[in-house]
Amino acid sequence: MELFKNTAHQLKALLEQGTIKASDITASLKQRIQTVDARVKAYVRFDRTDFEPAASASSPAPLAGIPITIKDNICTEGIPTECCSRILEGFRPPYDATVIRKLKEAGARILPVKANMDEFAFGSSTENSYFGATHNPWDLQCVPGGSSGGSAACVAADEAIVALGSDTGGSIRQPAALCGVVGLKPTYGRVSRYGLIAFASSLDQIGPISKDVRDNALLLNTIAGHDPMDATSVDMPVPDYTGALAKDVKNLKIGIPKEFFVEGMDTQVKTSVLEAIKTLKDLGAQTREISLPHTDFSVPVYYILATAEASSNLARFDGVQYGFRATSAKLIDMYKKTRGEGFGEEAKRRILLGTFALSHGYYDAYYLRALKVRTLIKQDFDRAFADCDCIITPTAPTPAFKIGEKAENPLQMYLSDVYTISANLAGIPAISVPCGFAGGLPVGLQIMARPFAEETLFRVAYTYEQSTDWHTRKPAL
Ligand code: GLN
């Protein structure tokens with residue numbers, strides 16, 4: 001049986017019927033990884049990992065026996081967590097991130113191999129990994145998107161059942177779109193960041209990447225909720241997200257921001273998204289044009305704030321406490337050599353940009369001003385949501401691009417996130433679901449909602465998914 005093809009909820013049903021054992025799933029996944037990962041390269045350190053099939057678990061826990069793939073920046077006790085950076089080489093966290101603890105309590109099995117990513121989640125293509133690039137399962141010459149490219153590619157390639165990624169400016173949704181799977185960035189504060197190695201603390205969120213909307217809701221049920229270990233996590237009840245999966249968008253008000261449908265967007269992407277909006281309209285939703293006037297500022301504001309926070313978060317990596325250490329007779333030289341040899345090019349670029357934006361004399365002109373514009377962006381959304389229940393846009397302006405195509409042009413690369421970044425700046429939840437193909441490559445539809453309205457996202461995404469068959473298409477590998 002090709003169990004690796006299944007979703008978590010399908011496997012759950014098979015396990016409950018007693019048709020299969022948990023160890024059958026892990027054995028099937030291991031075999032799939034052995035067969036295709038040499039081409040996709042979604043996992044890191046597979047050759048060095050003891051990948052034992054899980055002992056059979058038969059418990060009523062919500063995720064009993066379901067294997068979960070984890071991005072390399074989420075701490076897993078005893079399992080290497082290196083953010084795909086040389087500077088964290090050999091780091092095995094002595095504790096589990098809160099999301100991992102919760103998954104284990106729900107009976108899930110954390111895979112001992114981790115998913116590839118851009119170093120420290122800096123990127124939109126998973127080319128900035130110390131372990132080399134991940135390839136898009138739909139076209140191995142193309143990128144899977146980033147920075148959670150390993151997580152998205154392994155779900156798309158059936159090398160994983162479900163995965164966790166992290167999203168600071170689009171890193172769950174953009175790779176989900178480019179790989180034809182479902183990716184959710186929850187509301188800021190919905191999921192604990194404890195144990196997520198920080199990139200930009202005011203923007204980072206952990207979220208699920210899955211083959212369908214139901215699995216996504218199933219995973220959020222488990223990982224969401226208040227955590228005293230994360231001061232920014234919010235103490236609000238967690239609804240039953242799978243229970244909210246009704247096929248119903250009647251009278252739902254969808255806002256279409258005019259600023260998002262402009263030049264630079266691939267025409268086939270545009271056609272697919274407009275077609276998806278029409279499908280939702282035919283199902284009873286109402287649409288209206290809205291305006292998010294500060295959209296143009298989201299990319300520059302993000303790259304000031306995210307790099308500023310990153311430069312300060314990365315200050316702790318100096319060869320003393322974690323991972324790689326260069327040898328040098330003098331302490332100060334050891335710091336310099338460790339950081340010089342341990343960080344990749346993009347990490348260094350961001351440390352330089354961020355340190356500059358925070359430096360005396362420039363702080364007011366850059367960092368403080370960017371914070372003020374962030375507030376304006378947030379207010380745009382507040383106004384828009386007074387008049388609509390959700391906002392629909394493309395997830396990314398183009399389908400997957402060729403490996404190497406944007407590697408020499410960081411600005412071009414930064415623009416891959418034009419549609420995803422504002423949700424992080426505003427702290428709102430957003431999901432990407434497959435909505436078509438452009439030149440044989442998947443296209444993603446982004447749905448955004450009010451803070452803590454993940455149920456609305458799931459309802460719209462589920463209704464759309466149930467009316468189309470994009471999520472059932474698989475790449476030929
Ligand atoms: N691509 C964006 C960046 O490079 C977002 C990354 C992310 O969400 N982690 O910063």
Side-chain angles (χ1 to χ4, degrees), residues 70-74 83-85 115-129 133-134 143-152 163-179 183-186 188 191 193 196-209 298-311 313-314 343-354 357 370 374 395-398 400-401 405-407 409-432 444 446 448:
I70 308 294
K71 187 176 179 179
D72 203 33
N73 60 350
I74 301 175
C83 288
C84 292
S85 174
N116 198 15
M117 56 182 281
D118 285 299
E119 180 179 15
F120 284 102
F122 300 154
S124 312
S125 66
T126 317
E127 293 171 285
N128 299 332
S129 163
T134 293
V143 303
S147 65
S148 312
S151 300
L164 288 189
S166 67
D167 191 312
T168 305
S171 276
I172 289 175
R173 292 159 286 155
Q174 185 257 15
L178 272 44
C179 291
L184 169 80
K185 180 202 91 74
Y188 185 76
V191 174
R193 292 183 295 109
L196 167 68
I197 297 174
F199 161 4
S201 313
S202 77
L203 301 158
D204 299 341
Q205 270 292 286
I206 295 172
I209 298 182
S298 61
V299 172
V301 162
Y302 170 85
Y303 277 96
I304 291 172
L305 298 179
T307 57
E309 292 186 32
S311 71
N313 275 323
L314 263 48
F343 286 126
E345 208 176 304
E346 183 61 23
K348 287 179 188 164
R349 180 179 296 122
R350 298 205 182 198
I351 292 170
L352 288 172
L353 281 170
R374 179 179 186 173
T395 308
T398 65
F401 44 90
E405 189 181 316
K406 300 188 182 178
N409 189 339
L411 279 181
Q412 206 40 44
M413 185 74 90
Y414 294 172
L415 287 173
S416 338
D417 304 306
V418 274
Y419 299 141
T420 47
I421 275 175
S422 27
N424 301 76
L425 292 169
I428 60 174
I431 196 169
S432 177
Q446 176 173 242
M448 301 185 261

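Counting starts at 1 for both ligands and their atoms, following the listed order. The figures here come from the full heavy-atom set of this structure, side chains too, leaving out hydrogens, waters and symmetry mates.
Of all protein heavy atoms, the one closest to atom 5 (C) of ligand 1 is Tyr302 OH, 3.2 Å.
Not a single heavy atom of Gln174 sits under 4.0 Å from any atom of ligand 1. For the pair Tyr414 and ligand 1, no heavy-atom separation below 4.0 Å is found.
Residue Arg350 touches ligand 1 through its side chain alone, judged by heavy-atom distances below 4.0 Å.
For Ser171, a nitrogen or oxygen atom sits less than 3.5 Å from a nitrogen or oxygen atom of ligand 1, counting backbone and side chain alike. The shortest N/O to N/O separation between Tyr303 and ligand 1 falls below 3.5 Å. The shortest N or O to N or O distance between Asp167 and ligand 1 is not below 3.5 Å. Distances between N or O atoms of Gly123 and those of ligand 1 include at least one value under 3.5 Å. Here's the thing with Ala121: one of its N/O atoms is less than 3.5 angstrom from an N/O atom of ligand 1. Remark: ligand 1 and Phe122 share no N or O pair separated by less than 3.5 Å (distance only, no angle test).
For ligand 1 and Gly169, the ligand atoms under 4.0 Å from any heavy atom of the residue are 5 (C), 7 (C), 8 (O). Interface atoms of ligand 1 facing Gly170, defined by a heavy-atom separation under 4.0 Å, are 8 (O). With ligand atoms numbered from 1 in the order given, ligand 1 contributes 9 (N) to contacts under 4.0 Å with heavy atoms of Ser147.
Side-chain atoms of Ile197 and Phe120, non-hydrogen and from C-beta on, do get closer than 4.5 Å to each other. Under the 4.5 Å side-chain criterion, counting only non-hydrogen atoms from C-beta, Met413 is in contact with Phe401. The shortest distance between side-chain heavy atoms of Pro397 and Val418 falls below 4.5 Å. By the 4.5 Å heavy-atom criterion applied to side chains, Tyr188 and Ile428 are not counted as neighbours. The side-chain heavy atoms of Phe122 and Leu314, taken from C-beta on, include a pair separated by under 4.5 Å. Between Tyr414 and Lys406 the shortest side-chain heavy-atom distance does not fall below 4.5 Å.
With hydrogens and angles ignored, the 3.5 Å screen pairs no side-chain donor or acceptor of Asn116 with any backbone N or O of Ser129. Glu309 places a side-chain N or O within 3.5 Å of a backbone atom of Ser201 that can act as its donor or acceptor partner. A distance-only check finds a donor-acceptor pair linking the side chain of Asp72 to the backbone of Cys83 [under 3.5 Å].
Here the shortest heavy-atom distance to atom 2 (C) of ligand 1, taken over Asp417, Val299, Thr420, Leu203, belongs to Asp417.
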